[in-house]
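Scroll down for the structure; my scribbles are underneath it.
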Amino acid sequence: MNATDSQQVNSWFYLSWQSSSVDHLPFQSGPFKAHQFLIDVSNTSVAHSSNPTKERLFPLMACLSPPSTFPLQAHNLDSKPTEEWLLSSLKSPKTPMQLKTFHAHIIKTNLTQNDLIFGQLFLCCSISNAMNYATDIFSNIRKPKLFFYNAMIKGYSQNGHHYKALQMYSLMRSRSVSCDSFTFPVVLRSVSSLNEIQTGKELHGVVMKMGLYSKLILQTALIDMYCSCGSADSARFIFDRILERDVICWNTMIAGYVKCGEFNKARELFDRSPSRNVSSWNTLVDMYCKTGDIEIARQFFDEMPEKDIITWNAMLSGYAKIGECESARKLFDQMVKRNVVSWNVLITCHVHNRRFLEALDLFRMMQVSDVKPNEVTVVSVIPACAHLGALELGKWIHGYINRNHIKMDVYVNTSLIDMYGKCGNVEEAIGVFDNAKVKDTFLFNTMIEVLAMHGRAEVAFRIFMCMRREGLKPNEVTFIGLLKACSHVGMVDTGLKYFEMMREEFGLTPKVEHFGCMVDLLGRAGHLQEAHELITKMPMEPHPVVWGSLLGACKIHGNVELAEEVALRLVELEPQSCGNYVLLSNIYSKAGRFNEAVELRKMMKEKGVKKQPGCSSIEVNHVVSEFFAGDRAHPKCKEIYEQLDKMVKRLKAEGYEPCISSALHDVDMNEKEQTLVHHSEKLAVAFGLISTDNRTPIRIVKNLRVCDDCHIFMKMVSKYYDRQMVIRDCSRFHHFSNGSCSCSDYW
DNA sequence: TGTGGGAATT
């Protein structure tokens, strides 16, 4: 849809999203996009949900599908649902309420003995992710037929409950229900997912004993199982002994080699295969995308006799993997048909390449396309909100998930916790954590990290205990979170305890990141020498970030000598990174050693070090605006600069003095002051003040550290403009309120 | 009711 096409406007309906019940995200305003968006009324759920005919429908039918997909013309409204209609309706996912209605109807009409219909209800539970309901029904069947066992196994397997699938298989064996050739492929699937090669081998034996081994389908399933468990040779042993292989069997073996990383063998087999279909080619395209041989992948892509949507998506994700957003977008635009995967790949590509606003724009475009976002989509988009600090957008997507019944899996919950944490809303993050049905290591790690970020160390430790109680094994990332928690509140002893624990108790080898955290912890707490010593004793090459932590600590504790040594080391390691020069220069200035500060700036000039542009983003009315220092791209640019002038005048009257040493440019004083005044976070604050009422906290995200001057400025703004402000810089949160900051000026 | 191929989190 082209929102700017004026000829279309008559048939479109202007709608600002806040006032509507339609679930679309507003278009990005930012500096470039329209504030409002257009919707085709004839094609939305609004039109259908207000349609009075719905009330007159047969009640069972009325509760079936969301209004937008309701097949109004599909059946006779006066008659009862036919068996065929029931069968076909049960092929698409249902809400728990809808499942109950169907179940009740089936019982009332004595259809429970109808294997086809009752079985379909069963399968419907499985595709609706309602295995609890299926389990209930199953446990009430006195003597389940083989079919029901198969359906249960399939349901568990497809919903990711692989252990339960295997348990169900064991149950049927223990009840002496004999399996058939439908049982094994599904059970083997779960075996593959669990990487349980031993169980797989046992099943192989059972298949042989039952005389089912000659079935090509089962041999293919076994090949897949062995490859998924990393045993390509066993698979090949089976493959070589099959007399008549079909194309699926060939494909399974080729894809199996790819799974095991044996790319040459995969290629060899592909070249030898007697017949190929689209899937065979797709496997090869995908393989070369994965190995990074994008040109060869493209060659295969161009040469193949026919392409399906998976071909296109595989190629698309190839470009995405190497970060080529432009090529990906070009290919995406050439696609005749796109599905949810195509959109997801493209969105993820943009997020991974830090093109967050574009990713959000794509998400908006997706919502007005004919493809419905799913849980993978939101897991791709939510991190974009997290990075931008776009709390309102993030909340909106959270609501969107609920309203659209998008599956809240462990990925979705993890990204929500991370987003709420990074957007400064810890309580909400804890809420999501508490409500998460499945909690895995990722989810726990994220919760711990969020608590650490906000200085809630004690809670983080409790969550860690909880994690251990649940029998989850902590990994390296868990300990990074714990160590960060310690360093933010200065708990040196506890930090040392965890550092020890990860090695002694969990056999984890500390990585450079862990040493970084330890250096940070010791340094912040003032143990500069110990921190320095730890760096020299590290078993690996200290990453610049580790030195950076020590440098930061030197700044906090005003140790100019050590700072100098560390900074020179850093300048050697990363001569093009401006942050180190900035920090050292600030340290010199603070110590009154201005000559050295000037020298340093000269050095930067000579080496051609460019300052990384500071960028701050702020979200106003669900729209994220980005500001660079001195930026004039925003539509409200004029008002913003006027407001900023007013603010500087007002605060100067209250005693604000621009802290010139924060300006690193070798220019005259006046210009320096201007540079400072136009720092990106000040522009963002000015915009926030003119765009929101004074009860709204201003939330800003900055890509660099907040400079001294801005820090002082923000404290004063919070006091004299009576505003709560939360600024997230590249390492922590600053909560400004009534003239002071939560970081107590140490950052 | 079964086999192969594309997407996600700290």
Side-chain angles (χ1 to χ4, degrees), chain A residues 115-116 119-120 122-123 126 145-155 157-158 180-189 215-225 227 246-256 258-259 276-287 289-290 308-318 320-321 339-349 351-352 373-383 386 409-419 421-422 440-450 452-453 475-478 480-481 484:
Chain A
D115 278 358
L116 218 54
Q120 192 59 48
F122 232 77
L123 297 173
S126 139
K145 290 180 189 161
L146 169 62
F147 169 84
F148 290 105
Y149 286 99
N150 283 350
M152 283 302 285
I153 294 172
K154 190 183 173 200
S157 180
Q158 283 179 342
D180 62 4
S181 55
F182 293 121
T183 318
F184 291 106
V186 192
V187 182
L188 286 169
R189 259 281 112 129
K215 295 228 174 205
L216 182 57
I217 288 170
L218 293 186
Q219 288 168 322
T220 307
L222 285 167
I223 290 172
D224 183 51
M225 182 274 294
C227 290
D246 64 1
V247 65
I248 294 177
C249 184
W250 277 91
N251 288 352
T252 306
M253 192 64 234
I254 296 170
V258 176
K259 271 182 204 157
R276 293 164 201 144
N277 62 9
V278 197
S279 304
S280 338
W281 287 86
N282 286 349
T283 305
L284 268 278
V285 171
D286 189 48
M287 176 180 92
C289 285
K290 285 202 173 100
D308 62 9
I309 192 150
I310 290 175
T311 322
W312 285 88
N313 287 344
M315 195 64 228
L316 197 61
S317 74
K321 276 196 190 86
N339 65 7
V340 65
V341 177
S342 331
W343 283 96
N344 292 349
V345 171
L346 192 65
I347 291 174
T348 310
C349 177
V351 175
H352 285 171
N374 65 5
E375 69 278 5
V376 178
T377 319
V378 297
V379 171
S380 315
V381 177
I382 294 169
D409 64 14
V410 64
Y411 289 90
V412 175
N413 282 320
T414 305
S415 58
L416 281 173
I417 293 169
D418 180 57
M419 181 277 293
K422 289 202 175 120
D440 68 355
T441 306
F442 264 67
L443 191 102
F444 271 103
N445 288 353
T446 307
M447 190 68 248
I448 291 171
E449 159 103 43
V450 163
M453 207 188 314
N475 62 14
E476 284 92 352
V477 182
T478 319
I480 292 177
K484 274 189 190 164

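As the structure is a computational prediction, the values presented were derived from the model and not from experiment. Here is the naming used below: chain letters follow the sequence lines, and residue numbers restart at 1 for every chain.
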Choosing from [options], which nucleotide comes nearest the side chain of [X]?
X	options	value
Asn282(A)	dT1(B), dG5(B), dA7(B)	dG5(B)
Asp308(A)	dA7(B), dT9(B), dG5(B)	dG5(B)
Asp246(A)	dT1(B), dT3(B), dA8(B)	dT3(B)
Thr414(A)	dT10(B), dT1(B), dA8(B)	dT10(B)
Ser317(A)	dG6(B), dT1(B), dT3(B)	dG6(B)
Arg189(A)	dG5(B), dT1(B), dA7(B)	dG5(B)

Heavy atoms only, 4.0 Å cut-off, all strands: where does [X] land among base, sugar-phosphate and nothing?
X	value
Lys321(A)	sugar-phosphate
Asp440(A)	nothing
Asp286(A)	sugar-phosphate
Asp409(A)	base
Val345(A)	sugar-phosphate
Asn277(A)	base

Base [N] paired with [X] side chain (donor-acceptor, <3.5 Å):
X	N	result
Ser415(A)	dT9(B)	no
Asn313(A)	dG5(B)	no
Thr283(A)	dG5(B)	no
Thr252(A)	dG4(B)	no

Nearest whole angstrom, please: distance from the [atom2] of [N] to the [atom1] of [X].
X	N	atom1	atom2	value
Phe148(A)	dT1(B)	CZ	P	12 Å
Asn475(A)	dT9(B)	CG	P	15 Å
Leu346(A)	dA8(B)	CG	P	13 Å
Leu416(A)	dA8(B)	CG	C1'	13 Å

When you compare the side chains of [X] and [Y], does any donor N or O come within less than 3.5 Å of an acceptor on the partner?
X	Y	answer
Ser415(A)	Asp418(A)	no
Asp286(A)	Thr283(A)	no
Ser280(A)	Asn277(A)	yes

With sequence neighbours excluded, what pairs up with Trp312(A) under the ring-ring contact (aromatic ring centres under 6.0 Å, His included) test?
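In terms of ring-ring contact (aromatic ring centres under 6.0 Å, His included), with neighbours along the sequence ignored, Trp312(A) is linked to Phe301(A).
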Quick one: list whatever passes ring-ring contact (aromatic ring centres under 6.0 Å, His included) with Phe148(A), sequence neighbours left out.
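For Phe148(A) the ring-ring contact (aromatic ring centres under 6.0 Å, His included) partners, ignoring immediate neighbours, are Phe118(A), Phe122(A).
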On the nucleotide [N], are OP1 or OP2 found under 4.0 Å from the side-chain N or O atoms that [X] carries?
X	N	answer
His352(A)	dA7(B)	no
Arg276(A)	dG4(B)	no
Lys290(A)	dG6(B)	yes
Lys259(A)	dG5(B)	yes

Centroid under 5.5 Å and tilt under 30°, Tyr411(A) to dT9(B)
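Given the distance and angle limits, no, they do not stack.
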Min side-chain heavy-atom separation Trp281(A)-Arg276(A) under 4.5 Å
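Yes, side chains in contact.
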